[in-house]
Amino acid sequence: MTNERTLKRPEVLAPAGTLEKLKTAIHYGADAVYIGGNAYGLRSRAGNFTKEDMIEGVAFANEHGAKVYVAANMVTHEGNQEGAGDFFREIRDVGISAVIVSDPALIEICAAEAPGLPIHLSTQASATNYETLEFWKNEGLERVVLAREVSMDEVAEIRKNTDVEIEAFIHGAMCISYSGRCTLSNHMSMRDANRGGCSQSCRWKYELYDMPFGAERTSLTDKGEVEEEFSMSAVDMAMIQHIPELIQNGVDSFKIEGRMKSIHYVSTVANVYKKAVDTYMEDPENYECKQEWIDELWKVAQRELSTGFYYHVPTDEEQLFGERRKIPQYKFIGEVMAYDSETKVATIRQRNHFSVGDEIEFYGPGFNHFHQTVEVMYNEEDESIDRAPNPMMILTMPVEKPVAVGDMIRKKK
Ligand code: SF4
């Protein structure tokens with residue numbers, strides 16, 4: 001098949017668990033967002049998205065030249081497929097750009113009952129070779145989300161042998177099982193990982209015992225007590241240092257994991273990858289991954305970061321079995337609601353407690369970050385206050401550089 005050398009700009013695809021996150025992700029550079037979440041399934045319809053939310057989200061995306069995809073990637077048991085045709089027609093008619101599905105039953109229903117709605121194969125279907133991608137292309141699918149377990153060499157091989165669109169995860173949480181094909185959560189908490197309900201049981205702490213048949217159980221440390229509780233949590237993926245290779249290997253869509261993540265996370269991660277992709281596409285020859293992008297990702301990291309399966313099968317270095325490096329923690333404290341360029345005063349909505357004297361950081365789309373110390377701030381009655389304790393309270397403060405509506409503010413914990 002093709003081995004296209006002309007570099008194609010990949011889309012940056014961000015998670016959007018709510019309408020606010022959808023708008024934030026697009027404002028911070030996402031070319032597309034996918035909606036859905038733990039509550040999302042065919043039965044629960046759009047989960048956090050009502051039909052009105054979807055209409056508003058699609059209108060917002062259209063205004064900004066972005067797309068909205070809907071994930072409907074549950075494993076479908078008998079009876080779950082009832083109403084699926086209506087559901088697919090409804091999302092098609094509100095202007096959703098594609099639906100992400102893994103179950104062949106739903107693919108058939110969508111193709112037959114909602115013609116015109118593009119279908120993407122979900123990562124839950126674990127596509128790991130080009131024959132599989134060709135199969136789904138021949139079934140009429142436009143895009144395949146690769147399994148997170150493919151290597152970079154396999155991505156290259158797949159691209160050489162098929163022209164179907166490739167979407168690949170480039171940032172976010174990994175699964176200790178083959179992407180969600182796991183019943184640990186079902187067993188531990190009766191929440192089905194294959195229907196969007198994973199309770200992340202692999203990341204819980206366990207005590208590890210040796211228990212020969214018929215014998216007393218003994219701790220594996222032989223100290224009567226286990227020193228370090230055992231966990232099976234994989235570290236997270238970050239491919240920020242490998243953007244050129246992903247683009248050169250023809251990945252069409254860079255997917256960021258995390259429908260449940262905060263607007264602080266979504267804005268930060270989308271912003272970084274947008275900047276990296278733009279920078280590379282402007283001048284591939286002289287592209288360099290900037291340290292400030294990596295630092296930025298660490299500000300919202302929740303675990304260690306690695307490259308997943310792209311360059312080798314993860315070793316115990318990429319599992320959170322034991323000691324872990326302390327990760328810098330930042331707190332999202334507010335967002336800019338207005339800015340007066342005459343007086344250089346910003347109106348801010350508080351999202352977490354902060355006080356006069358705190359060192360805070362403003363950031364917005366692009367990389368115009370700056371730090372300042374809070375010298376003074378005022379409540380809505382224009383009274384001077386020394387702290388902002390109330391969630392969502394509105395306050396004003398002078399800022400040292402121009403800011404814009406939608407800029408965010410964080411501070412180190
Ligand atoms: S419990 Fe862990 S391994 Fe299982 S689906 Fe959830 S994240 Fe993946």
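Remember, it's 1-based here, ligands and their atoms both numbered in the order they're listed.
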Only one of E165, E167, E11 forms a salt bridge (charged side-chain N to carboxylate O under 4.0 Å, His left out) with K255, so which one is it? E167

Side chain Q350, main chain A388, donor-acceptor under 3.5 Å: yes

Would you mind running through ligand 1 and noting each atom that sits below 4.0 Å from a heavy atom of S177? 3 (S)

Within 4.0 Å of some non-hydrogen atom of S201, the atoms of ligand 1 are 1 (S)

Provide the number and element of each atom of ligand 1 under 4.0 Å from a heavy atom of C198. 1 (S), 5 (S), 6 (Fe), 7 (S)

Backbone or side chain, does C202 get an N/O/S atom under 2.8 Å to atom 2 (Fe) of ligand 1? yes

Give a yes/no verdict on a cation-pi contact between R148 and F169, requiring under 6.0 Å between NZ or CZ and the six-membered ring centre and an angle within 45° of the axis. yes

As a quick check of understanding, evaluate salt bridge (charged side-chain N to carboxylate O under 4.0 Å, His left out) for E245 and R159, giving each step before the final call. CA-CA 12 Å; E245 217 175 341; R159 173 43 79 225; over 6 Å; no

Answer with yes or no after comparing the ring centroid distance for H242 and Y310 against a 6.0 Å cut-off, counting only values under it. no

Would C182 count as a contact for atom 6 (Fe) of ligand 1, in the sense that one of its N, O or S atoms lies under 2.8 Å from it? no

In ligand 1, which numbered atoms sit nearer than 4.0 Å to a non-hydrogen atom of C175? 3 (S), 5 (S), 7 (S), 8 (Fe)

